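Everything below concerns the one structure shown next.
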Amino acid sequence: MEYNFRSIEQKWQQHWKDTNAYRVLNNSTKPKYYVLDMFPYPSGAGLHVGHPLGYIASDIFARFKRLKGFNVLHPMGYDAFGLPAEQYAIDHGVHPAVSTDHNIKNFRAQLDNIGFCFDWEREVRTSDAGYYKWTQWIFLQLFKSFYNRTSSKAESIDVLVASFEKEGNSVHPIPGAQYQLPGGGNTFTAAQWKAFDEFTQQSILMEYRLAFCGYGEVNWCEGLGTVLANDEVINGVSERGGFPVVKKKLRQWYLRITEYADRLLDGLQHVDFSDAMKEMQTNWIGKSYGAEIDFQVQGQSAGTNLRVYTTRPDTIFGVDFMVVAPEHELITTIASASQKQEVEDYIAYVKSRSERERMAEKKITGCFTGAYAVNPFNGKQIPIWISEYVLAGYGTGAIMAVPCGDERDFKFAQHFNIPITNIIGDAFNGEEANATKDAKLVNSDFLNGMVMRDAIGVVIGKLEEMGIGKRKVNYRMRDAAFSRQRYWGEPFPIKWINGIAYPLDEKELPLQLPHVEKYGPGPEGEGPLANIPEWTARHLETNTMPGYAGSSWYFLRYMDPHNDQAFCDRKVSDYWGQVDLYIGGTEHAVGHLLYSRLWTKVLFDLGHIGHDEPYKKLVNQGMIQGSSRFVYRVQGTTNKYVSYGLKDQYETNQLHVDVNIVDGVELDTEAFKKWRADYADAEFILEDGKYICGVEVEKMSKSKFNTVNPNDLVERYGADTFRMYEMFLGPVEQSKPWDTKGIEGVHRFLRKLWRLFFDEVKGAVWTNDKATDAELKVLHKTIRKIEDDTERFSFNTAVSAFMVCVNELGELKCSKKEILESLLILLTPYAPHVAEELWHELGNTGSVLDAAYPVFQEKYVVETTKEYPVSINGKLRTTMHIDLSAEQAAVEQLVLANEIVQKWVEGKPVKKFVFVKGKMVNVVV
RNA sequence: GCCCUGGUGGUGGAAUUGGUAGACACGCAGGACUUAAAAUCCUGUUCGCCGCAAACGCGAGUGCGGGUUCAAGUCCCGCCCGGGGCACCA
């Protein structure tokens with residue numbers, strides 16, 4: 001009887017399906033464990049061997065936890081809305097719903113092939129109305145909430161309104177500093193609030209809502225009648241058609257994620273993410289501590305101040321000029337008559353440049369306004385410049401420039417010949433800025449002699465005393481744009497009437513995405529929904545939600561996927577709680593992870609769930625790179641190819657060749673001729689009768705012909721081999737190249753395992769004999785190793801531990817049920833099909849999926865002697881078997897009597913004798 | 001430029017707390033079985049030196065240069081190279 005993996009795998013997959021082996025219940029006496037894979041987008045290209053890596057790892061872990069007695073939730077679903085499907089629809093005339101459905105079918109077939117233990121009854125798709133009903137519902141919660149800065153959490157907007165009616169906005173000032181009420185200013189009393197008309201009231205509330213609508217700058221292309229992404233704009237004109245593109249403020253939905261900046265930062269201390277991941281999120285949030293300082297502008301009325309943000313108030317005596325962003329509102333007020341034309345020209349120039357150009361070119365540009373600010377401490381006049389290196393959206397959109405301490409300021413000063421004041425003495429060399437905080441200040445009036453680090457607080461204190469500055473924390477993170485002018489996404493449950501956004505009643509959800517035939521943009525940068533008369537007649541919002549809407553909360557829906565009364569029953573989310581293990585790539589470091597953390601915090605604040613961090617532990621799987629193969633076409637010929645080893649004798653061109661027609665490095669020349677029509681009459685210059693290909697590691701991609709389809713490998717070696725090989729390749733977190741050839745080693749291992757049970761001629765060879773000490777030792781060593789390795793996600797070493805175990809049992813000629821049965825349970829997470837088959841062959845009737853995990857017993861692995869390495873002066877010279885209970889004195893005697901040791905010691909006195917019990921011996925002479 | 005990673009045989013990788021570097025595989029070489037091939041199995045395989053050869057032995061060796069230690073792939077200091085992220089954030 002031989003290892004017929006095809007029929008075995010088919011049989012058990014069918015059996016598990018028939019018996020609902022992977023169904024998970026929401027109530028259990030067992031402890032819970034939640035294993036989640038990052039939501040895949042079902043692309044039309046299908047899976048290559050790089051994709052399932054994380055799924056296999058999570059599957060192994062889920063099965064392991066199940067064997068260890070946990071109730072394990074391990075679901076899968078699809079992030080089905082999104083731009084690619086819509087783009088495909090536009091290009092091919094297939095409705096996104098149709099192509100998405102088709103892609104999901106293929107995706108599912110590929111997944112099933114690998115034998116995952118997903119509970120498919122819990123599958124979710126973000127594009128299903130039953131799902132996005134709740135995405136819309138959560139959006140409404142965001143819309144109807146504000147961030148209460150006094151309680152530091154989201155609360156109902158009703159709380160805010162009640163406060164307004166009682167005390168105006170004195171308790172809850174408007175979060176956006178720039179906002180101006182229709183009559184100017186940004187504070188109001190209770191009486192004023194009550195007197196505002198509805199439009200004004202709603203406009204004010206919009207300034208607080210966690211999901212809000214505002215105006216944002218976008219690239220508007222009149223010629224194409226649409227908004228363009230940054231990468232679709234080149235040199236100020238559209239990539240397609242060359243039409244001019246201008247920055248335009250357009251209505252957009254946003255999430256007020258900035259209010260959660262601190263909590264998102266703090267939360268990182270309570271989750272188990274890699275340092276790199278925490279670092280990326282921390283940088284993205286970009287918290288900085290500094291001060292806002294008001295500078296009087298010369299010749300302007302007392303109220304017209306230039307407010308700057310700086311993290312280095314200690315350098316205030318080194319300020320040689322001010323720089324404001326080109327968008328700064330004060331420019332028109334302060335620009336002098338003589339500079340007016342120059343300023344206008346400069347602003348026009350900046351407007352013509354896209355964000356991308358601005359960043360790519362990094363030219364030093366700028367323009368003097370003709371106005372001067374006054375240094376509040378010494379009355380010095382400071383010229384005010386405009387430059388695009390200062391960003392309107394950060395801080396106050398204006399800075400005080402200190403060229404001796406800031407590289408950008410230094411370069412600007414040099415470029416425009418602005419004299420530089422040195423306030424750090426020898427620490428400034430005149431060649432480049434020095435951003436130190438440890439220098440002693442000079443030329444700094446009352447700060448002279450003080451270390452900069454200490455001066456920061458002193459200056460802020462003084463500014464506050466004078467009433468012209470205050471401590472200020474800033475964040476780099478901006479509010480998240482939450483609308484797309486696209487079709488294939490969740491419609492917003494919002495109606496617009498007279499410029500006021502009204503939420504739909506929850507009973508009206510889901511607001512169904514209407515069917516359309518065309519996906520072209522609507523007028524004035526609106527989405528395709530604006531082209532549907534029935535839609536606009538209902539005054540419905542025409543934008544749709546972005547891709548990350550549905551994926552921000554899907555981990556909650558898996559818990560209770562069919563509930564049509566709530567997004568997830570509170571009792572159910574309390575039972576499952578956080579995702580215990582989340583596996584996925586690093587590409588979602590700041591997008592998806594930050595958004596889903598935000599949504600979780602809001603839902604927690606509003607009392608809908610009981611935890612405020614979605615993921616307890618995050619593991620990032622590495623990428624599997626492609627290993628490309630090349631053939632070398634001789635130059636001057638149309639179809640003559642020279643083998644790798646001989647190519648230096650010719651002038652050649654290197655061409656990618658499909659890795660699937662190469663065995664290791666040897667090209668299948670017949671397959672090559674059949675591969676593409678123009679290679680049909682190819683000729684080869686061989687070495688040793690073979691055509692050897694060149695090899696290079698590159699990204700795995702169709703265009704490089706280095707993709708490998710898991711289906712082909714499963715067909716040839718079986719799912720169990722494939723799963724184990726993906727793990728055997730190396731640590732999950734690490735990127736590594738794919739090498740199909742290596743899979744045979746894992747396949748051989750499974751056949752070796754099989755032969756412990758069955759002989760090709762004799763049939764079953766396993767016995768009920770009592771296991772020997774040596775056999776039990778092999779088994780228990782393996783139990784310990786597999787358990788440890790699996791717990792710490794070291795799946796590659798676990799696979800080799802299985803190999804070692806089977807090799808050793810083979811040497812011992814051990815085919816005893818007592819040993820093999822336990823081994824099968826250990827193997828179940830990794831190779832479930834063959835484990836289940838052999839489990840039944842041993843006479844078990846239940847499924848191995850629910851067997852009791854073997855318990856490691858120390859007594860079987862205790863050693864009495866150890867082969868000690870013996871070094872002389874740190875160099876290994878020999879090894880000696882010594883009783884483990886032996887103490888230093890006895891060992892010393894034994895070792896020094898050893899012939900080889902004596903030879904090396906050569907009668908010299910022993911200076912030191914190092915003995916670490918159970919480890920090693922070192923003789924120092 | 002800044003931050004985070006990593007660098008070990010021909011290849012993927014192992015060495016969990018400083019204690020026998022190269023586990024386990026791939027590849028390669030040789031052998032067995034076979035008319036032959038495939039499959040399978042066995043042996044060898046870090047490099048160098050000595051040697052007809054094997055055994056044994058010796059020397060070097062974890063990107064480079066220093067250091068700490070009885071002992072360093074592992075710890076410290078200074079470099080070099082690859083991968084990833086951020087990039088006018090004041």
Side-chain angles (χ1 to χ4, degrees), chain A residues 2 274-284 286-288 290 308-312 315 323 358-359 362 364 387-391 393-402 405-409 411-412 435 474-478 586-587 589-590 620 622-623 625 627 664-665 695 697 725 728-731 733-746 748-749 751-752 755 760 785 788-789 792 794 796-807 810 866-879 900 911-916 918-925:
Chain A
E2 63 178 81
S274 71
D275 289 342
M277 183 63 54
K278 289 184 180 181
E279 189 79 20
M280 273 189 245
Q281 295 203 8
T282 304
N283 289 343
W284 183 262
K287 185 173 187 173
S288 77
V308 303
Y309 174 71
T310 178
T311 55
R312 298 296 302 275
T315 60
V323 188
R358 231 170 110 158
M359 294 193 167
K362 284 202 181 166
I364 298 172
S387 176
E388 53 184 338
Y389 86 84
V390 172
L391 306 176
Y394 184 77
T396 60
I399 61 154
M400 54 180 226
V402 182
D406 183 284
E407 198 52 42
R408 295 153 302 179
D409 299 346
K411 288 198 172 129
F412 191 85
N474 252 316
Y475 300 92
R476 181 156 55 203
M477 184 170 64
R478 310 293 160 78
T586 47
E587 65 272 21
V590 291
N620 294 112
M623 243 198 306
Q625 295 146 316
S627 182
V665 291
V695 177
V697 172
Y725 183 57
F728 186 61
L729 229 39
E733 294 100 326
Q734 203 171 297
S735 289
K736 58 249 157 185
W738 178 261
D739 171 24
T740 297
K741 196 81 184 163
I743 198 171
E744 285 171 14
V746 174
R748 272 179 211 133
F749 152 74
R751 298 168 70 129
K752 259 193 233 176
R755 284 201 302 271
E760 268 179 58
K785 178 89 175 133
D788 275 11
D789 285 355
R792 63 192 177 93
S794 179
N796 57 326
T797 52
V799 173
S800 66
F802 280 121
M803 290 173 170
V804 171
C805 177
V806 165
N807 288 347
K866 149 125 190 130
E867 186 183 10
Y868 277 95
V870 178
S871 301
I872 287 69
N873 285 339
K875 274 200 196 310
L876 180 75
R877 295 304 177 186
T878 186
T879 59
I900 298 167
K911 260 203 254 172
K912 193 169 179 185
F913 190 92
V914 182
F915 170 67
V916 181
K919 290 275 187 193
M920 45 66 69
V921 172
N922 189 15
V923 185
V924 186
V925 296

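The sequence lines fix the lettering, A, B, ..., with proteins before strands; numbering per chain opens at 1. Computed from a predicted model, the values in this text were never measured in an experiment.
- Atom-to-atom, CZ of A/F913 to P of B/G19 comes out at 19 Å; the value is rounded to the nearest Å.
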Practice problem: With pairs defined as Watson-Crick or G-U wobble and both distances under 3.5 angstrom, please note down RNA chain B as a dot-bracket string, | for pairing with another strand. | Solution: (((((((..(((......[....)))((((((.......))))))((((.......))))..(((((..]....))))))))))))....

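- One N or O on the side chain of A/Y868 and one on the backbone of A/G918 form a donor-acceptor pair closer than 3.5 Å.
- Residues forming a side-chain contact (heavy atoms from CB on, under 4.5 Å) with A/A398 (at least two apart in sequence, or on another chain): A/L306, A/V308, A/V324, A/H328, A/T396.
- Within 4.0 Å (heavy atoms only), A/V916 reaches at least one base atom of the nucleic acid.
- Note that the OG atom of A/S794 and the NZ atom of A/K785 stand 6.0 Å from one another [nearest 0.5 Å].
- In the set B/U20, B/A90, B/A23, B/A90 carries the atom at the smallest distance from any side-chain atom of A/T310.
- Taking atom P on both nucleotides, B/G22 is separated from B/C47 by 14 Å, rounded to a whole Å.
- Residues satisfying the side-chain hydrogen bond (donor to acceptor under 3.5 Å, both in side chains) test with A/R792, not counting sequence neighbours, are A/D789.
- A distance of about 16 Å separates the P atoms of B/G61 and B/G48, rounded to the whole Å.
- At B/A90, one or more side-chain N or O atoms of A/S288 fall inside 4.0 Å of OP1 or OP2 (strictly under the cut-off).
- Nearest to the side-chain atoms of A/T311 among the listed nucleotides B/G85, B/G19, B/A90 stands B/A90.
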Enumerate all atom pairs, one protein N or O and one N or O from nucleotides 9-13 of chain B, separated by less than 3.5 Å.
from  : atom 1 : to     : atom 2 : distance (Å)
B/G12 : O2'    : A/L729 : O      : 2.5
B/G13 : OP1    : A/Q734 : NE2    : 3.2
B/G13 : O3'    : A/N796 : ND2    : 3.4

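- Taking the syn range as angles within 90° of 0, the glycosidic angle of B/G13 is outside it, so the base is anti.
- B/G12 and B/C52: their C1' atoms are spaced 38 Å apart (whole Å).
- Side chain of A/T586 to backbone of A/A589: no donor-acceptor contact under 3.5 angstrom is found.
- In this structure, the side chain of A/S735 engages the main chain of A/M623 through a donor-acceptor pair within 3.5 Å.
- In this structure a side-chain-to-backbone donor-acceptor pair under 3.5 Å is missing from A/K912 to A/N922.
- Proximity note for A/K741 (side chain, C-beta onward) versus B/G27, B/C70, B/U16: the nearest is B/G27.
- For the atom pair A/T879 OG1 and A/E867 CD, the distance stands at 3.5 Å (nearest 0.5 Å).
- Nucleotides B/G67 and B/G59 have their C1' atoms positioned 24 Å apart, rounded to a whole Å.
- B/G19 atom P lies 20 Å from atom CG of A/N873, rounded to whole Å.
- Atom CG of A/D406 is separated from atom C1' of B/A87 by 14 Å (rounded to the nearest Å).
- In the set B/C88, B/A25, B/U20, B/C88 carries the atom at the smallest distance from any side-chain atom of A/Y389.
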Could you pull out the protein-nucleic contacts involving nucleotides 57-62 of chain B (nitrogen or oxygen on both sides, under 3.5 Å)?
from  : atom 1 : to     : atom 2 : distance (Å)
B/G59 : OP2    : A/R877 : NH1    : 3.1

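- Counting only heavy atoms from C-beta on, A/N922 has its side chain closest to B/A71 among B/A71, B/U20, B/A15.
- Atom OG1 of A/T282 is separated from atom CZ of A/R476 by 10.5 Å, given to the nearest 0.5 angstrom.
- Rounded to the nearest 0.5 angstrom, A/D406 CG and A/R312 CZ are separated by 9.5 Å.
- Below 30°, between 30° and 60°, or above 60°: for A/F412 and A/Y389 the angle between ring planes is between 30° and 60°, a tilted geometry.
- A/M803 has its CE atom 12 Å from the C1' atom of B/A23, to the nearest Å.
- Distance A/K287 NZ to B/C3 C1': 20 Å, rounded to the nearest Å.
- The neighbour count for A/K411 NZ, taken as heavy atoms of other residues, nucleotides or ligands under 6.0 Å away, does not exceed 12.
- At a threshold of 4.5 Å between non-hydrogen side-chain atoms, the residues A/L876 and A/M920 do not count as touching.
- A distance of about 12 Å separates the C1' atoms of B/G73 and B/A14, rounded to the whole Å.
- Looking at heavy-atom distances under 4.0 Å, A/K785 makes contact with a base.
- Nearest nucleotide to the side chain of A/E867, out of B/A90, B/U20, B/C24: B/U20.
- Comparing A/G397 and A/N283, the nucleotide of RNA chain B nearest to each residue sits closer to the 5' end for A/N283.
- With rounding to whole Å, A/M280 atom CE is found 12 Å from B/A87 atom P.
- For A/K919 against B/U17, no side-chain N or O and base N or O form a donor-acceptor pair under 3.5 Å.
- The backbone N or O of A/V402 sits less than 3.5 Å from a side-chain atom of A/D409, completing a donor-acceptor pair.
- Rounded to a whole Å, the CG atom of A/D409 is 12 Å from the P atom of B/A90.
- Side chain of A/N807, nearest nucleotide from B/C24, B/C4, B/U20: B/C24.
- Screening A/M277, A/E733, A/E587, A/Q734 against A/N620 for a side chain to side chain contact (heavy atoms under 4.5 Å, CB included) leaves a single residue, A/M277.
- Taking atom CE of A/M920 as the reference point, atom C1' of B/U69 lies 12 Å away to the nearest angstrom.
- Within 4.0 Å of A/V804, counting heavy atoms only, lie sugar-phosphate atoms of the nucleic acid but no base atom.
- Taking every side-chain heavy atom of A/I399 into account, B/A90 is the closest of B/C70, B/A25, B/A90.
- Once rounded to the nearest 0.5 Å, the distance linking NZ of A/K736 with CG of A/N796 reads 7.5 Å.
- To the nearest whole angstrom, the two P atoms, one in B/C58 and one in B/C3, are 47 Å apart.
- When the nearest nucleotides of RNA chain B are assigned to A/M277 and A/R478 by heavy-atom distance, the more 5′-ward of the two goes with A/M277.
- Atoms CZ and OG, on A/F749 and A/S800 in that order, are 10.0 Å from each other to the nearest 0.5 Å.
- Comparing B/U45 with B/C24, their P atoms are spaced 12 Å from each other, to the whole Å.
- Separating the C1' atom of B/G44 from that of B/U35 is a span of 29 Å, rounded to the nearest Å.
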Mind listing the N/O atom pairs, protein and nucleotides 40-42 of chain B, below 3.5 Å?
from  : atom 1 : to     : atom 2 : distance (Å)
B/C41 : OP1    : A/R755 : NH2    : 2.9

